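These notes concern the structure reproduced below.
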Amino acid sequence: MLSCQLIMNALERIAPRRLAEDWDNPGLLVGSYAQKVGRILVALDVDDRITEEAIARGADMIVAHHPAIFRGIKQLRTDLPLGKRLAALLTHGIAVAAAHTNLDVARGGVNDVLAAHLGLEKLSSFVITSQEEGVTESLGRMGTLPAPMAIEDFARAVKERLSVSHVRLAAAAARPVRRVAVCGGAGAEFIDNAVRLGADVYVTGDVKYHDAQRAVEQGMHIIDAGHFGTEVPVLPVLAEQLRTELASERGEIEIFVTNTQRDVFDVII
């Protein structure tokens, strides 16, 4: 087993906390840096299903993308979902950490993995978050396809490559797709950035009606592949990154990806 501190050090190397947005809450959220960890469950969310899976599979720690605690807690009531969940985690000695917007920005994180799944090449920055000592950090990525595609064909490819049940397409004029902007999760606020940078299509999640309308009016396609669908591909990559970072440490550690987590919107009627 390894100390939780070593796990957190590895996570810091993968997704440095300095990359996180000011409003975010990454880091160790439940547990102690001193506790011992032998099994890590990697997941997108820490919900009831993941908590039950962690207990059933004997996990000592959950490393999630979305923070288990996001806003300030003024009461800890075990008759409410969050309090009940935290009580179960503490009772079973399960630590919980999150790498959220820092994993979105990090090289090899959410957006690089998303871009790779969609076959994008020549990646560049999308929404610049910092520029220090010649290093540019960015939320999302811009990239190009090897060859132009019709928007309908590209939308079908996104659905297939992300293994989602559906995507939502807001198609602009008959404009072939070559230059693609991506932002995993909820990225509708960056539509104007994508237009300004010359994207033919923007792939993200949680797009509202009027946001899609604004994009189409400016001549850019929108593909909403879902919050879950655009982020979940990072999980096996994050697990492998943790294995690599911890390989030289003295002590055995098992890292596995959830096999129970599902998109909240997992049923299409």
Side-chain angles (χ1 to χ4, degrees), residues 1-106 108-110 231-232 234-262:
M1 301 179 82
L2 302 176
S3 70
C4 184
Q5 178 70 70
L6 288 175
I7 310 301
M8 294 307 299
N9 291 348
L11 196 57
E12 175 67 16
R13 293 191 293 272
I14 294 166
R17 189 164 181 163
R18 63 178 174 77
L19 300 179
E21 296 290 290
D22 293 340
W23 49 262
D24 202 2
N25 192 36
L28 183 63
L29 305 180
V30 178
S32 164
Y33 283 97
Q35 71 186 82
K36 296 297 183 181
V37 175
R39 307 192 82 204
I40 299 173
L41 172 61
V42 178
L44 197 66
D45 301 291
V46 184
D47 55 18
D48 290 343
R49 184 177 289 176
I50 290 300
T51 300
E52 292 167 3
E53 180 184 358
I55 294 169
R57 299 178 72 178
D60 306 297
M61 186 174 188
I62 299 171
V63 173
H65 181 43
H66 297 142
I69 302 172
F70 199 77
R71 298 175 179 84
I73 297 177
K74 295 185 178 180
Q75 56 189 5
L76 187 59
R77 287 179 46 184
T78 56
D79 60 332
L80 295 176
L82 178 58
K84 180 180 179 181
R85 198 154 49 239
L86 293 175
L89 292 164
L90 290 167
T91 297
H92 290 86
I94 300 172
V96 178
H100 191 208
T101 53
N102 46 327
L103 188 62
D104 291 330
V105 174
V110 169
E231 291 185 334
V232 75
V234 80
L235 298 186
V237 176
L238 177 58
E240 188 56 36
Q241 289 172 332
L242 284 168
R243 292 186 194 103
T244 299
E245 290 291 338
L246 296 169
S248 62
E249 301 292 347
R250 297 182 63 182
E252 294 186 4
I253 190 80
E254 183 181 356
I255 302 169
F256 50 92
V257 176
T258 174
N259 58 21
T260 66
Q261 193 141 67
R262 301 289 182 271

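Everything numeric in this text was worked out from a predicted model, so none of it was measured. Residue numbers run from 1 in the order of the sequence given.
- Distance alone, capped at 3.5 Å, is enough to place a donor-acceptor pair between the Q35 side chain and the S32 backbone.
- Across all their heavy atoms, L242 and I255 have their closest contact at CB-CD1, 3.7 Å.
- Atom CG of D22 has 12 or fewer heavy atoms from other residues, nucleotides or ligands within 6.0 Å.
- To the nearest 0.5 Å, atoms CG (L28) and CD (E12) are separated by 12.5 Å.
- Heavy atoms only, all atoms of each residue included: A64 and D45 are closest at CB-C, 4.5 Å.
- A salt bridge does not link R49 to D47: none of the charged nitrogens lies less than 4.0 Å from a carboxylate oxygen.
- Side-chain contact between L6 and I253 is absent, with no heavy atoms from C-beta onward closer than 4.5 Å.
- No option in T258, I40, I50 other than I50 meets the side chain to side chain contact (heavy atoms under 4.5 Å, CB included) test with I62.
- Taking NE2 of H100 as the reference point, atom CD of E21 lies at 10.0 Å (rounded to 0.5 Å).
- Of the candidates E245, E240, Q241, R243 forms a side chain to side chain donor-acceptor pair (under 3.5 Å) with just one, namely E240.
- A side-chain donor-acceptor contact under 3.5 Å links N25 to the backbone of I69.
- Between A54 and I94, the closest heavy-atom pair is CB-CD1, 4.0 Å.
- How far OG1 of T260 is from CD of E53: 3.5 Å, rounded to the nearest 0.5 Å.
- Between M61 and C4 the shortest heavy-atom distance is CE-SG, 3.9 Å.
- With values rounded to the nearest 0.5 angstrom, H92 atom NE2 is found 10.5 Å from T51 atom OG1.
- Taking the side chain as every heavy atom from C-beta outward, L19 and D104 never approach each other to under 4.5 Å.
- A donor-acceptor pair is defined here as one N or O able to donate and one able to accept, closer than 3.5 Å; such a pair exists between the side chain of H65 and the backbone of A99.
- Atoms CG and CG, from L29 and L86 in turn, are 9.5 Å apart once rounded to the nearest 0.5 Å.
- To the nearest 0.5 Å, atom CG of residue L2 and atom CD of residue E252 are 9.5 Å apart.
- Of all non-hydrogen atoms in V46 and R85, the two that sit nearest each other are O-NE, 3.2 Å.
- Side-chain N or O atoms of Q261 include one that pairs as donor or acceptor with a backbone N or O of L44 at under 3.5 Å.
- Across V96 and A68, no two heavy atoms sit closer than the pair CG1-CB, 3.9 Å.
- When atom types are taken as modelled, the side chain of E231 and the backbone of H66 share no donor-acceptor pair closer than 3.5 angstrom.
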